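Have a look at the structure below, then the notes.
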Amino acid sequence: MWHRYIGLAAALFILYLSITGILLSFTEELALDEHFVADRTLLSWYGIQAPQEIRGVNLDGIWVTRLGQQLFLNEKSISEQANLFIGAEITEDTVMIAFVNKILLFARDGQLIEQIEDPLGSNTAITTIGRFADGKPGLSTEEATYTPDPLFLNWQSRELIGLKIRPLQPVPSPLKDVLSNAYMGATITWERALLDIHSGRLFGGIGVSLVILATALIIILVISGVVLWIKRLHSRRLHELQRTKKENLRTS
Amino acid sequence: MSEAFTREVPEPELLWLTGDTGNRVREILGHRPNSLRVRYWRKDERTVWILEEIGKEKPITTGFIVSNNQIEKVRVLIFRESRGWEVRYPFFTDQFIGRKINGDQKLDKPIDNITGATLSVNAITRLSRLALFLHKKVTT
């Protein structure tokens, strides 16, 4: 009887673990590691919420914004190395986005012109990007400041004085809403979420404890089920033996 | 660079991957060029290209030295994937030495695959064809 009650109690957990387990077994087929959770309720369990204010660099109406690990050029995600982002500047026809170890050049319509690794040579780290009063852009390192030729092939040393850096400004709507949705929808994959649901971690310590309890109940069910089956088998054989003895006595 | 140019490294030049060139690049790579232009270094009939192509998920940065329309050297500069790293070694890259492309922009001889690194092998093969095509573009 108690085996039945344990079974009933564990039924829901067994269903829960089985469904999430099966889904996880098909992670590759379902591309769960490539699709991101967009549901805000589920994201809120991870403490992920839409940012209150989003600030970016305004390049004459073209916005470069950092959100988490992502860098956006207007609404287009252009890099997942936002931690290395230094700043941005614009010339007549080229958007320059500087990282510690490279610069990205974009046309005003967002097409990537070129990615230039280590533009100043010798793995020199870029610390600042700005514009001079004459309109030319400038890159600074700890040692010196440089300005490029129009094709960004060569860099000429220049005095740091007069280099203006663009400040961060609040990004206006509707771009802010687009970026917010893009940011929220690219943080947790469905694989991660399912693993956390399956293990109970999504619900904190209580969730993990409940999953452990459910697993313990399943183990008890298995063991008790086997024990009961052996008992019944033994009892059935004993019963058959007794019946055979009785029949032998009657015939004799 | 020092391997390619024993004395002075020449100034870089630019090749725009637009128009017909862009279309040919798309045919070779199977997708639009990642950028509108590519930088290269040239001295006489020798050129050096640093190109990138995605293997499975991440780009593989590879350097090519091309001279007389043949690949002289291949070097995998940055390998970011967790699998397929065998392509970095000379036993694989040496296959490209002396390779040319035909009229269909295909290599004149096939490249042996590495089990478990197919996507990386394919990426570097596409890049080798691209380097040869671009070399022809700038030297003719």
Side-chain angles (χ1 to χ4, degrees), chain A residues 27-29 31-36 69-71 73 76-81 83-84 90-124 146 148-156 186 189 191-192, chain B residues 1-2 4-5 8-19 21-23 25-26 29 31-43 47-64 75-83 116 118-119 127 130-131 134 138:
Chain A
T27 294
E28 220 169 287
E29 289 81 353
L32 296 175
D33 53 345
E34 292 168 25
H35 290 102
F36 291 88
Q69 285 304 309
Q70 289 193 79
L71 196 69
L73 178 64
K76 181 177 154 187
S77 176
I78 55 169
S79 173
E80 289 177 10
Q81 291 186 309
N83 55 317
L84 300 176
I90 192 166
T91 64
E92 210 173 286
D93 50 9
T94 308
V95 173
M96 285 174 68
I97 298 178
F99 296 78
V100 171
N101 54 357
K102 67 183 177 190
I103 56 169
L104 299 181
L105 302 178
F106 286 90
R108 279 180 173 258
D109 63 3
Q111 284 193 86
L112 177 67
I113 296 173
E114 192 181 356
Q115 174 172 301
I116 306 175
E117 301 280 347
D118 189 27
L120 304 174
S122 307
N123 290 317
T124 311
Y146 302 87
D149 64 29
L151 290 176
F152 296 88
L153 284 172
N154 293 298
W155 296 79
Q156 210 168 14
T189 62
E191 184 193 16
R192 176 78 260 151
Chain B
M1 290 300 164
S2 55
F5 306 108
E8 220 175 294
V9 176
E11 292 295 318
E13 297 176 55
L14 296 170
L15 176 64
W16 288 86
L17 305 179
T18 52
T21 306
N23 292 334
V25 170
R26 186 197 284 225
L29 294 179
H31 59 79
R32 260 178 39 180
N34 297 325
S35 58
L36 289 176
R37 72 187 196 191
V38 65
R39 190 170 290 231
Y40 67 98
W41 293 260
R42 178 184 174 179
K43 188 164 185 185
T47 59
V48 173
W49 306 85
I50 297 178
L51 305 170
E52 268 188 4
E53 178 71 345
I54 290 178
K56 190 179 178 200
E57 287 163 359
K58 305 232 169 107
I60 305 170
T61 306
T62 314
F64 294 87
R75 175 76 64 83
V76 176
L77 301 171
I78 309 176
F79 189 83
R80 299 172 180 87
E81 304 267 17
S82 55
R83 286 188 197 171
T118 304
L119 295 178
L127 288 180
L130 180 61
L134 297 177
V138 301

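Every chain is numbered from 1, with letters handed out A, B, ... down the list of sequences. Bear in mind the structure is a predicted one, so any value in this text is a computation, not a measurement.
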In terms of heavy-atom proximity below 4.5 Å to chain B, should A:Leu151 be classed as side chain, backbone, both, or neither? both

Non-neighbouring partners of A:Thr27 that pass side chain to side chain donor-acceptor pair (under 3.5 Å), sequence neighbours left out: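 Partners of A:Thr27 by the side chain to side chain donor-acceptor pair (under 3.5 Å) criterion come out as none, since no residue qualifies.
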
Toward chain A, the part of B:Glu11 with a non-hydrogen atom under 4.5 Å: side chain

For the pair A:Arg108 and A:Glu92, find out whether any cationic side-chain nitrogen is under 4.0 Å from an anionic carboxylate oxygen. no

Any idea which heavy atoms bring B:Thr47 and B:Arg42 closest together, and the distance?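 Of all heavy-atom pairs spanning B:Thr47 and B:Arg42, the closest is CG2-CG, 3.8 Å.
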
A:Ile116, A:Leu104, A:Leu153: which one forms the most heavy-atom pairs within less than 4.5 Å of chain B?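 Most heavy-atom pairs under 4.5 Å with chain B: A:Leu153.
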
When B:Ser35, B:Pro33, B:Pro12 are compared by non-hydrogen pairs under 4.5 Å with chain A, the top option: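 Most heavy-atom pairs under 4.5 Å with chain A: B:Ser35.
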
Quick check: does any side chain N or O of A:Asp149 sit under 3.5 Å from a backbone N or O of A:Asn154, one acting as donor and the other as acceptor? yes

